[in-house]
Protein chains: 2
Amino acid sequence: MESKDLKQVGLKATIPRLKILKFLEESDVRHMSAEDVYKALLESGEEVGLATVYRVLTQFESAGLVARHHFEGDHSIFELNDSEHHDHILCVKCGRVDEFVDEVIESRQAAIAREKGYSMDDHALYIFGVCSDCQQKK
Amino acid sequence: MESKDLKQVGLKATIPRLKILKFLEESDVRHMSAEDVYKALLESGEEVGLATVYRVLTQFESAGLVARHHFEGDHSIFELNDSEHHDHILCVKCGRVDEFVDEVIESRQAAIAREKGYSMDDHALYIFGVCSDCQQKK
DNA sequence: ACCTAAATGCGAAAGATTCTCATTTCTATA
DNA sequence: TATAGAAATGAGAATCTTTCGCATTTAGGT
């Protein structure tokens with residue numbers, strides 16, 4: 001699985017962009033805020049301005065390299081777009097995030113959009129609950 | 001359809017809370033930001049501080065009187081909880097919001113939570129698209 | 001190597017929301 | 001029904017996330 005080529009998606013291959021992309025690809029945490037990315041880069045000695053992190057993540061989103069989520073509150077969460085589409089189930093206690101795909105839900109969504117006269121662009125489905133670990137800690 | 005009783009949900013019946021609840025019940029717009037509520041009250045001569053609007057809406061959410069949504073961006077959207085659960089389909093052009101309920105999706109969600117070992121608290125499903133009106137204006 | 005457009009970094013600014021705290025208002029109770 | 005005490009409000013300051021402006025630097029084609 002080699003790195004995506006920035007030029008292929010219409011972005012100049014600048015140092016900050018390469019650092020951010022590399023970090024997203026190598027991180028084992030899949031879901032991160034812009035601040036998370038900024039801090040993680042800082043800690044690994046790779047300085048990139050916070051404004052640049054925001055700009056680059058937004059550009060990556062437009063280019064289809066990352067997906068932006070609005071899980072709960074105020075801020076955006078980014079995820080590398082390296083697999084097929086999926087939805088999320090989140091633990092409200094520990095913040096754990098799991099992914100899933102359900103063809104039944106996918107096709108029902110398309111049907112609903114059709115019924116309502118909408119052309120469907122996208123969708124967001126988040127299930128909130130308590131994961132098995134946190135249920136036990138109860 | 002008489003007003004919900006604030007005391008029944010453990011909230012003192014203060015003037016600002018009554019004004020906000022009444023406004024939510026009588027408005028024909030169902031989905032509003034805190035700022036929207038604040039401004040609408042101002043315009044109808046009912047002054048309530050913005051901080052109070054935020055506080056009260058949050059309390060109403062905790063009490064189950066309103067639902068909070070994170071449709072797209074940064075800010076919360078509130079909706080009076082006067083009907084049964086439903087999900088939303090939004091027009092990305094004009095901001096129109098329609099509601100729907102789909103039993104198939106509901107039960108698949110519950111099944112997925114079960115499969116993943118989660119106890120399900122809640123879920124959010126937003127379909128984004130272009131409504132029929134906006135498709136024509138194209 | 002050089003030129004130009006594009007990208008970066010920094011701090012300022014903006015938008016949404018929360019906090020602080022002095023003042024006011026409920027409500028239970030005397 | 002007056003009143004004390006707890007809770008709520010209002011106004012502005014503060015916070016948090018994100019964007020903007022602009023001077024400086026860099027990528028990449030010639």
Side-chain angles (χ1 to χ4, degrees), chain A residues 3-23 31-63 65-79 95, chain B residues 3-23 31-63 65-79 95:
Chain A
S3 291
K4 309 238 170 68
D5 191 319
L6 289 174
K7 282 182 208 155
Q8 275 172 225
V9 297
L11 293 172
K12 273 206 313 208
T14 65
I15 305 285
R17 296 214 264 238
L18 290 167
K19 283 182 181 170
I20 293 170
L21 182 55
K22 181 165 187 290
F23 172 71
H31 304 91
M32 282 173 290
S33 68
E35 188 86 31
D36 292 338
V37 172
Y38 170 70
K39 282 189 188 148
L41 285 171
L42 260 194
E43 278 168 27
S44 58
E46 310 282 15
E47 300 235 359
V48 177
L50 179 57
T52 299
V53 172
Y54 274 101
R55 274 184 301 234
V56 168
L57 287 173
T58 299
Q59 293 156 352
F60 282 7
E61 183 193 12
S62 302
L65 261 43
V66 306
R68 180 195 298 259
H69 302 293
H70 303 281
F71 282 157
E72 265 287 341
D74 28 9
H75 59 305
S76 292
I77 295 291
F78 298 88
E79 171 182 25
Chain B
S3 289
K4 310 236 170 72
D5 191 320
L6 288 175
K7 282 182 207 156
Q8 275 172 226
V9 298
L11 294 172
K12 272 203 318 202
T14 65
I15 305 285
R17 296 213 264 238
L18 290 168
K19 283 182 181 170
I20 293 170
L21 182 55
K22 183 165 185 291
F23 172 71
H31 304 92
M32 281 173 291
S33 68
E35 188 87 31
D36 292 338
V37 173
Y38 171 71
K39 282 187 188 151
L41 286 172
L42 260 195
E43 279 168 26
S44 58
E46 310 281 16
E47 301 236 357
V48 178
L50 180 56
T52 299
V53 172
Y54 274 101
R55 272 184 302 232
V56 169
L57 287 173
T58 299
Q59 293 155 352
F60 282 7
E61 182 194 12
S62 301
L65 262 43
V66 306
R68 181 194 297 260
H69 302 293
H70 303 280
F71 283 158
E72 263 287 340
D74 26 10
H75 59 306
S76 293
I77 296 290
F78 299 88
E79 171 182 26

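Remember, predicted model here, so these are calculated numbers, not experimental data. To find a chain, count down the sequence lines: A is the first, B the second, and so on, and within it residues start at 1.
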Does A:E79 offer a backbone N or O that forms a donor-acceptor pair with the side chain of A:H31 under 3.5 Å? no
Spacing of B:Y54 atom OH relative to D:dG10 atom P, expressed in whole Å: 15 Å
Nucleotide range of DNA chain C contacted by chain B, 5' to 3', under 4.0 Å to a heavy atom? C:dA16 to C:dT27
Between atom NZ in B:K19 and atom P in D:dT9, what is the gap in whole Å? 11 Å
With distance as the sole test, does A:H70 use its side chain to make a donor-acceptor pair with the main-chain N or O of B:H70 at under 3.5 Å? no
Nearest whole Å is fine: how far is D:dG28 C1' from A:L18 CG? 14 Å
A side-chain contact here means heavy atoms from C-beta on lying under 4.5 Å apart; do B:V48 and B:Y38 qualify? no
Does the side chain of B:L65 reach to within under 4.5 Å of the side chain of B:L6, using non-hydrogen atoms? yes
Please check if any side-chain donor atom of B:R55 sits under 3.5 Å from a side-chain acceptor atom of B:T52, or the reverse. yes
Return the value, rounded to whole Å, for the distance between atom NZ of A:K7 and atom P of D:dA27. 11 Å
Side chains of B:H75 and A:D74, heavy atoms from C-beta outward: is any pair under 4.5 Å? no
Contact residues, residues 41-51 of chain B to DNA chain C [heavy atom, < 4.0 Å]: B:L50, B:A51
Find the distance A:Y38:OH to D:dT18:P and express it as a whole number of Å. 14 Å
Mapping B:D74 and B:I15 onto DNA chain C by nearest heavy atom, which one lands closer to the 5' end? B:D74
If we only count heavy atoms from C-beta on, is the B:S62 to B:F60 side-chain gap below 4.5 Å? no
How far apart are the closest heavy atoms of A:R17 and A:Q59, and which atoms are they? NH1-OE1, 2.8 Å
Sorted by position of nearest nucleotide on DNA chain C, 5' first, the leading residue of B:L11 and B:A34 is B:A34
When the distance from CZ of B:F60 to P of D:dA8 is rounded to whole Å, what number comes out? 12 Å
Nearest atoms (heavy-atom pairs only) where B:L57 meets B:V37: CD1-CG2, 4.4 Å
Could you tell me how far apart A:R55 (CZ) and D:dT18 (C1') are, to the nearest whole angstrom? 12 Å
Provide, to the nearest angstrom, the distance between the NE2 atom belonging to A:H75 and the P atom belonging to D:dT18. 7 Å
Could you check whether B:S33 gets within reach of a base, just the sugar-phosphate, or nothing at all, counting any heavy atom under 4.0 Å? nothing
